[in-house]
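These numbers come from a predicted model, not from an experiment. Start at 1 and go down the list; that is how both ligands and their atoms are numbered.
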Amino acid sequence: MPTLDAQVQELLASPAAHSQSARYAVLTAGLNLEVHLDAGDGKGKGLFATKDFEQGEIVLHEAPLAAFQHTNSRREAIVCSHCFRFVGSLEKQVGQQVSEAVDEAGRCDLDAAAPVDDSSASEAGSHQEALMALHDDALKLLHGRLTLPHTDAVPLPAAVPCQGGCSGFKDCLGDRYCSPSCAADAWQQYHQLLCMGPEEEQPECNGGSGSGNSSSDSGSGSQGKSQDKAKAPAAGSPPLRAGTLAGQEEKEEARGRNQHQSEALQEFFWHADHTNDIFRLAAIVVAKVLLAADCLLAQQGREAGASSSSSSGEPDSAVCWQALLAAWQPFAAGHKGPWWECTAAPPEAAADMRQLASDSLGLLAAALPPRLVSRFPALITLPVWGSIIGMFELNNLSLFVANPLQRWLLHLDSLPHEEQAAAFEVAGPFIDSLPEELPGCEGSGFYALHSCCNHSCSPNAEAFKRDEDEDGSAVILALRAIKAGEEITLSYIDEEAQLEERQQQLADYGFRCACDRCTAEELAALLQLH
Ligand SMILES: C[S@@+](CC[C@H](N)C(=O)[O-])C[C@H]1O[C@@H](n2cnc3c(N)ncnc32)[C@H](O)[C@@H]1O
């Protein structure tokens, strides 16, 4: 049985070539793609076409291994917390947008100390008044007591509540789903360890107020980067009310948690939302691996009777370790180094990042069931936690799902004049108060095959969402004809940028690009010098 250190080293080691090949063969089966473990030029592995693709053809359509919606986006886009499809009704989505705008107008009202000229002051004042007048109707929309015309043109699945009850937590900050199967999958795979439960059971907390940053990925629709690499830990911690509400302990116990763990979970989320919400995604990975390992143990226990258990009835630690190794496999090939080492961060920032990660892990560890922590201790260590976050830094894709209100507005525009006028009579004030750019669901995800795509400054493919792509899956389209045997490449950065700027941006991914375009431009620059 390896020591804890040896276990950590094994989790962080690159999986053996034969096991990687076997795993990628399963993942690419039937896809006209294959993963080469050595794509050449020191790039590591890469994704290759096994058939000719035409320009505009879909090369890959892939669901995430782990993904999340940024905290700020949760206030603006009500989506399934598992597959990120918009849920509820268009009325709910409008109600959410309008009530956010009303809240914002209220905040501006309070802040209105800055002197402004008379005309802009009165214009802003009348806009605010118009918004305030919609306050009650926005609530009616949110609670299904008011309908809008032609919303049946864009039907949305009804929201299925979280079985742990967190759908009622801080309004839009709890989780809800588009179907019973998404709700059940999320619960079984990770959410049972991360569920906050109903709001009324929670100790009071100023966390989750939405004021936290979202470490959004690059909006390029390609490789994403956490923007908040090393924000200082937020001053103080969330104020917690010590009081225990009637029946709370029993309910927490049903979720396998005590009051202390519940508070720790709350603090973990608060810390993530005020520093770098990518920690939320890392927690999903940890929860997934813990639950998968535990499930394997249970299965083995059933098959082997009690023979692999110690006298306490606990499974043998060697058996637990093997289960952890197996459960870690989906993520084993994705990570390349700890977060604070795998980017081009200067040493002081790297030290801050390490401390931030350590604080975050401490809070998460206190929130997890001790039974799981003691069965699988190697997973709950700083090197592994740092590697999971580093994996996102280098591999993640920005997750985006367009707001369905856009389709409703297009539908209204397409109506015959009289019908349109009648619709605007009712819906006009709401439509006028919608933001010019309707916010989609924004998040970040780790995708097993997409994360094998290497960068090129003149890529042959791009991550792109079509109108019909209504969930958080990654979609990769051919930018030009791609021949069988060619590597699928994406641009991780703005490829319009000049050579030096491109290279600077790519330094964050830990490499200097030597694609044909960079090589040609470097040569041209050299020739100009001489
Ligand atoms: C999303 S991963 C791509 C898959 C990666 N090759 C692997 O083995 O997992 C991004 C990493 O691949 C490597 N990479 C991607 N494009 C590259 C390029 N054009 N030149 C050198 N290395 C590259 C870098 O190490 C980068 O951090």
**Item:** ligand 1 contact on S456 by region, counting heavy-atom pairs under 4.0 Å
**Value:**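 It is neither part, as no heavy atom is under 4.0 Å.
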**Asked** Hey, mind stepping through H274 and F279 against ring pair (Phe, Tyr, Trp, His ring centres under 6.0 Å) and telling me if it holds?
**Response** CA-CA 11 Å; H274 287 76; F279 295 141; over 10 Å; no
**Asked** Taking the minimum heavy-atom distance to atom 9 (O) of ligand 1, which of K45, M391, R512 ranks first?
**Response**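 Shortest heavy-atom distance from atom 9 (O) of ligand 1: K45.
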**Asked** Taking the non-hydrogen atoms of C515, is any one of them nearer than 4.0 angstrom to ligand 1?
**Response**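 No; C515 lies far enough from ligand 1 that no heavy-atom distance drops under 4.0 Å.
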**Asked** Hey, is G46 one of the residues with a heavy atom under 4.0 angstrom from ligand 1?
**Response**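 No heavy atom of G46 comes that close to ligand 1.
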**Asked** Okay, side chain of R502, backbone of A497: is any donor-acceptor separation there less than 3.5 Å?
**Response**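 Flag set: sc R502 to bb A497 pair under 3.5 Å.
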**Asked** Can we say R512 and E500 salt-bridge, meaning some charged N sits less than 4.0 Å from an Asp/Glu carboxylate O?
**Response**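 Salt bridge present between R512 and E500.
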**Message:** Can you confirm whether or not the ring centre of H271 sits under 6.0 Å from the ring centre of F269?
**Reply:**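 Ring-ring flag for H271/F269: false, centres at least 6.0 Å apart.
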Can you list the ligand 1 atoms lying under 4.0 Å from a non-hydrogen atom of [X]?
X	value
S451	1 (C), 2 (S), 3 (C), 4 (C)
N395	1 (C), 2 (S)
N454	3 (C), 4 (C), 5 (C), 6 (N), 12 (O), 13 (C), 14 (N), 15 (C), 16 (N)

**Prompt:** So, for A378 and V8, which heavy atoms are closest and what is the spacing to 0.1 Å?
**Reply:**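 The pair with the smallest heavy-atom distance is O-CG2, 4.0 Å.
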**Request:** Verify whether one side chain among Y24 and H36 offers a donor that lies under 3.5 Å from an acceptor in the other.
**Result:**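 Y24 vs H36: no donor-acceptor pair found between side chains.
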